[in-house]
Participant: 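Dropping the structure in here first, questions after.
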Amino acid sequence: MSEPTATALPVTEPLPVPAPAKLTDVASLSREKLALFLSEQLGERPFRAAQLYRWLHQRGATSFDEMTDLSKTLREKLKVKAEIVPLEKDLEQRSIDGTIKYRFKTRDGRFIESVYMPAEDRKTLCVSTQVGCAMACSFCMTGTLGLKRNLTAGEIVAQVHAVNREVRRNENLETLRPLTNLVFMGMGEPLHNFENLKTALAILQSEEGPNFSHRHITVSTVGLVPMIERFGQETDVKLAISLNASTDEQRSQTMPVNRKWNIAALLDACRKFPLRQGRRITFEYVLLKGFNDSDADAHRLKELLRDIPAKVNLIPYNENPGLGFQTTGEERAEEFRAILAEAHVAAYIRRNRGRDIAGACGQLANRGEAAAEAPT
Ligand code: SAH
């Protein structure tokens, strides 16, 4: 019998080290998924999920340590397996009209912005859904950035929590949720980040969370036709469409998406959209001087919307130096509105909020992104 040969130990090779466990981003989980995470990963009972969820989404907690009614042991367990990804307020700009524009920095050093617009009867927040945008509309500042990445559901919701905190402090309010309305008209194309948008909406509408009513949330899209159908089937919030033109030629010139889904395809999706009783689709129309603001445009627009329950928001253009478009004057905007009104198309000229602070989406974050990307 021969002696077994001793195998030399591979002393020079490092021992395999398990990859560090990825922490679960708990604020991005729906209520159901959070319950699953707690039971499967931490062996906790379902009511703990309700407690944690309320801390995250009713109070907008930013650390486990502040969740004082959770046991110390559970908080420690959470820290081992989970994290609350920070969204840091980086800059704010206040307009004389009360609008406040917040720039937030994501953990990976990206910039997004949210715009707070208080009015007598409501406090509205304009929310971002992506860093940058892939849609490349030629009049839009965010469009010039290209798409950097999607925001997570947690990052979408964190904008709402952060601004609720700001408003509570600034206006000395006790209420946990001073914001009353949300519009998804910030940076990015919401329907291009549909799964995260859906989770964020479910959180924002949940009773154990911020509890926004579906009547007080509007999602605006550039016109991603197949997604409009899904949006109608899978959510119950309001729809706005950025039309911004009265002919395909015009629209394709400023909105590349129109080359894929033209006005006819877009309006067809709108006609099929499941509207709740009494609801209308909002059509946004950014008035660009000498480009889409003629009488003929107004007449074509009214024809396009003839058989759709529609409301038109005429938006004064917030000029972006270098993009080559100008704002339509007030008088022309009013004449345009009157043509629609005569044809019984409800049209409103939006007040230009925060004009003195470059209130249009992307104008502030763009500077941050440009700075972040500039060679140092
Ligand atoms: N991607 C979505 C939401 C973000 S844009 C969408 O296209 O609807 C939100 C609205 O702001 C759109 O109607 C867009 O046409 C408009 N917009 C973009 N840049 C603007 C600017 N500089 N001034 C005024 N409105 C602008």
Side-chain angles (χ1 to χ4, degrees), residues 128-130 132-151 183-198 201 217-275 279-288 291-293 296-315 317 323 325 340 345 347 361-362:
S128 292
T129 52
Q130 297 180 313
C133 184
M135 300 300 129
C137 300
S138 61
F139 50 81
C140 175
M141 201 63 181
T142 309
T144 62
L145 270 178
L147 178 65
K148 303 301 179 191
R149 70 167 173 84
N150 281 332
L151 292 181
V183 294
F184 286 77
M185 298 180 184
M187 299 175 79
E189 167 51 39
L191 301 192
H192 193 214
N193 183 15
F194 188 60
E195 288 307 323
N196 294 344
L197 171 77
K198 237 175 70 174
L201 287 174
I217 300 181
T218 302
V219 171
S220 175
T221 178
V222 74
L224 295 182
V225 165
M227 298 313 293
I228 291 174
E229 190 182 340
R230 277 194 66 190
F231 176 77
Q233 286 163 354
E234 298 175 32
T235 79
D236 61 357
V237 300
K238 298 205 269 186
L239 174 67
I241 303 276
S242 295
L243 190 56
N244 296 343
S246 71
T247 68
D248 276 322
E249 198 194 353
Q250 223 175 38
R251 196 165 190 267
S252 294
Q253 220 177 308
T254 47
M255 303 178 71
V257 70
N258 198 68
R259 296 173 209 153
K260 187 141 188 190
W261 294 289
N262 64 15
I263 295 179
L266 177 57
L267 296 183
D268 203 39
C270 291
R271 282 184 206 96
K272 292 186 187 131
F273 190 77
L275 278 179
R279 219 176 247 187
R280 290 178 293 183
I281 297 177
T282 299
F283 288 87
E284 295 156 278
Y285 195 98
V286 178
L287 288 166
L288 301 167
F291 181 76
N292 65 0
D293 66 348
D297 284 305
H299 286 290
R300 281 192 294 262
L301 182 58
K302 96 188 174 207
E303 287 304 319
L304 288 174
L305 302 180
R306 188 175 276 288
D307 57 352
I308 300 177
K311 177 183 126 175
V312 176
N313 277 345
L314 298 170
I315 308 175
Y317 182 56
L323 296 190
F325 293 97
L340 296 173
V345 176
C361 65

Participant: So which heavy atom on Val257 is nearest to which on Gly223, and how close?
Facilitator: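 It is CG2-O, 4.0 Å.
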Participant: Any idea how Phe273 and Phe231 line up, ring-wise: parallel (<30°), tilted (30 to 60°), or perpendicular (>60°)?
Facilitator: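 Parallel, since the angle between the ring planes stays under 30°.
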Participant: Which atoms form the tightest heavy-atom contact between Pro309 and Leu275, and what is the distance?
Facilitator: CG-CD1, 3.7 Å
Participant: Which heavy atom of Ser252 sits nearest a heavy atom of Arg259, and at what distance?
Facilitator: O-NH2, 3.0 Å
Participant: Phe184 pairs by side-chain contact (heavy atoms from CB on, under 4.5 Å) with which of Thr218, Ile217, Asn193?
Facilitator: Ile217
Participant: Are Leu197 and Thr235 close enough that some pair of their side-chain heavy atoms sits under 4.5 Å apart?
Facilitator: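 In short, these two side chains do not touch, never coming nearer than 4.5 Å.
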Participant: When you compare the side chain of Leu304 with that of Leu267, does any pair of heavy atoms fall below 4.5 Å?
Facilitator: yes
Participant: Are Glu189 and Thr129 close enough that a side-chain donor and a side-chain acceptor fall under 3.5 Å?
Facilitator: no
Participant: Apply the test side chain to side chain contact (heavy atoms under 4.5 Å, CB included) to residues Leu323 and Phe139: give CA-CA distance (whole Å), side-chain angles for both, the deciding distance (0.1 Å), then the verdict.
Facilitator: CA-CA 6 Å; Leu323 296 190; Phe139 50 81; 5.5 Å; no
Participant: Hey, does Leu287 have a side-chain heavy atom less than 4.5 Å from the side chain of Ile315?
Facilitator: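 With C-beta onward as the side chain, the pair stays apart.
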Participant: Less than 4.5 Å apart, side chain to side chain, heavy atoms only: is that true for Thr254 and Asn244?
Facilitator: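 No, too far: nothing below the 4.5 Å cut-off.
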Participant: Tell me the salt bridge (charged side-chain N to carboxylate O under 4.0 Å, His left out) pairs involving residues 304-314, sequence neighbours left out?
Facilitator: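 Passing the test, one end in residues 304-314: Arg271-Asp307, Glu303-Arg306.
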Participant: Does the side chain to side chain donor-acceptor pair (under 3.5 Å) test come out yes or no for Ser220 and Glu284, once each step is laid out?
Facilitator: CA-CA 9 Å; Ser220 175; Glu284 295 156 278; 2.6 Å; yes
Participant: Just wondering, do Trp261 and Pro226 contact through their side chains at under 4.5 Å, heavy atoms?
Facilitator: yes
Participant: CG of Asn292 to OG1 of Thr247: how many Å apart, nearest 0.5 Å?
Facilitator: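 One finds 9.5 Å between CG of Asn292 and OG1 of Thr247.
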Participant: Atom CG in Leu340, atom NE2 in His299: separation rounded to 0.5 Å?
Facilitator: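 The distance works out to 9.0 Å.
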Participant: Can you find a pair of side-chain heavy atoms, one from Leu147 and one from His192, that are under 4.5 Å apart?
Facilitator: yes
Participant: Taking the side chain as everything from C-beta on, heavy atoms only, tell me whether Leu288 gets closer than 4.5 Å to Tyr317.
Facilitator: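 In short, these two side chains touch, coming nearer than 4.5 Å.
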Participant: How long is the gap from CG on Leu314 to CZ on Phe283, to the nearest 0.5 Å?
Facilitator: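 It comes to 13.0 Å.
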Participant: With respect to Val219, which candidate in Leu239, Val183, Leu191 satisfies the side-chain contact (heavy atoms from CB on, under 4.5 Å) definition?
Facilitator: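 Among Leu239, Val183, Leu191, the one that satisfies the side-chain contact (heavy atoms from CB on, under 4.5 Å) with Val219 is Leu191.
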Participant: Give me each pair satisfying salt bridge (charged side-chain N to carboxylate O under 4.0 Å, His left out) with a member in residues 229-245, each pair once, sequence neighbours excluded.
Facilitator: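 Residue pairs passing salt bridge (charged side-chain N to carboxylate O under 4.0 Å, His left out), neighbours aside: Glu195-Arg230, Lys198-Glu234, Arg230-Glu234, Asp236-Arg276.
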Participant: Output yes when Arg251 and Asp248 qualify as a salt bridge under the 4.0 Å nitrogen-oxygen rule, no when they do not.
Facilitator: no
Participant: Got a second to check how far Cys270's SG is from Leu305's CG, nearest 0.5 Å?
Facilitator: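 So the SG of Cys270 and the CG of Leu305 are separated by 8.5 Å.
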Participant: Determine, stepwise, if the pair Asn258 / Gln253 fulfils side chain to side chain donor-acceptor pair (under 3.5 Å).
Facilitator: CA-CA 9 Å; Asn258 198 68; Gln253 220 177 308; over 6 Å; no
Participant: Do you know which two heavy atoms are closest between Asp297 and Ser246, and how far apart they sit?
Facilitator: OD1-OG, 2.5 Å
Participant: For Phe325, give me all partners under ring-ring contact (aromatic ring centres under 6.0 Å, His included), at least two apart in sequence or on another chain.
Facilitator: Phe291
Participant: Would you indicate whether Gln233, at its atom CD, is surrounded by more than 12 heavy atoms from other residues, nucleotides or ligands within a distance under 6.0 Å?
Facilitator: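 More than 12 within 6.0 Å, yes.
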Participant: Any side-chain heavy-atom pair from Ile241 and Ile281 closer than 4.5 angstrom?
Facilitator: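 Yes, side chains in contact.
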Participant: Please name the pair of heavy atoms, one in Gly132 and one in Leu145, separated by the smallest distance, quoted to 0.1 Å.
Facilitator: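 Minimum heavy-atom separation between Gly132 and Leu145: CA-CD1, 3.8 Å.
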Participant: Find the distance between CD1 (Ile263) and CG (Leu301) and round it off to the nearest 0.5 Å.
Facilitator: 9.0 Å
Participant: Let's go through Ser242 and Met255 carefully: what are the C-alpha distance in whole Å and the side-chain angles of both, what is the deciding distance for side chain to side chain contact (heavy atoms under 4.5 Å, CB included) to 0.1 Å, and is it a yes or a no?
Facilitator: CA-CA 10 Å; Ser242 295; Met255 303 178 71; 4.2 Å; yes
Participant: Working to the nearest 0.5 angstrom, can you tell me the gap between Ser128 OG and Met187 CE?
Facilitator: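 So the OG of Ser128 and the CE of Met187 are separated by 6.0 Å.
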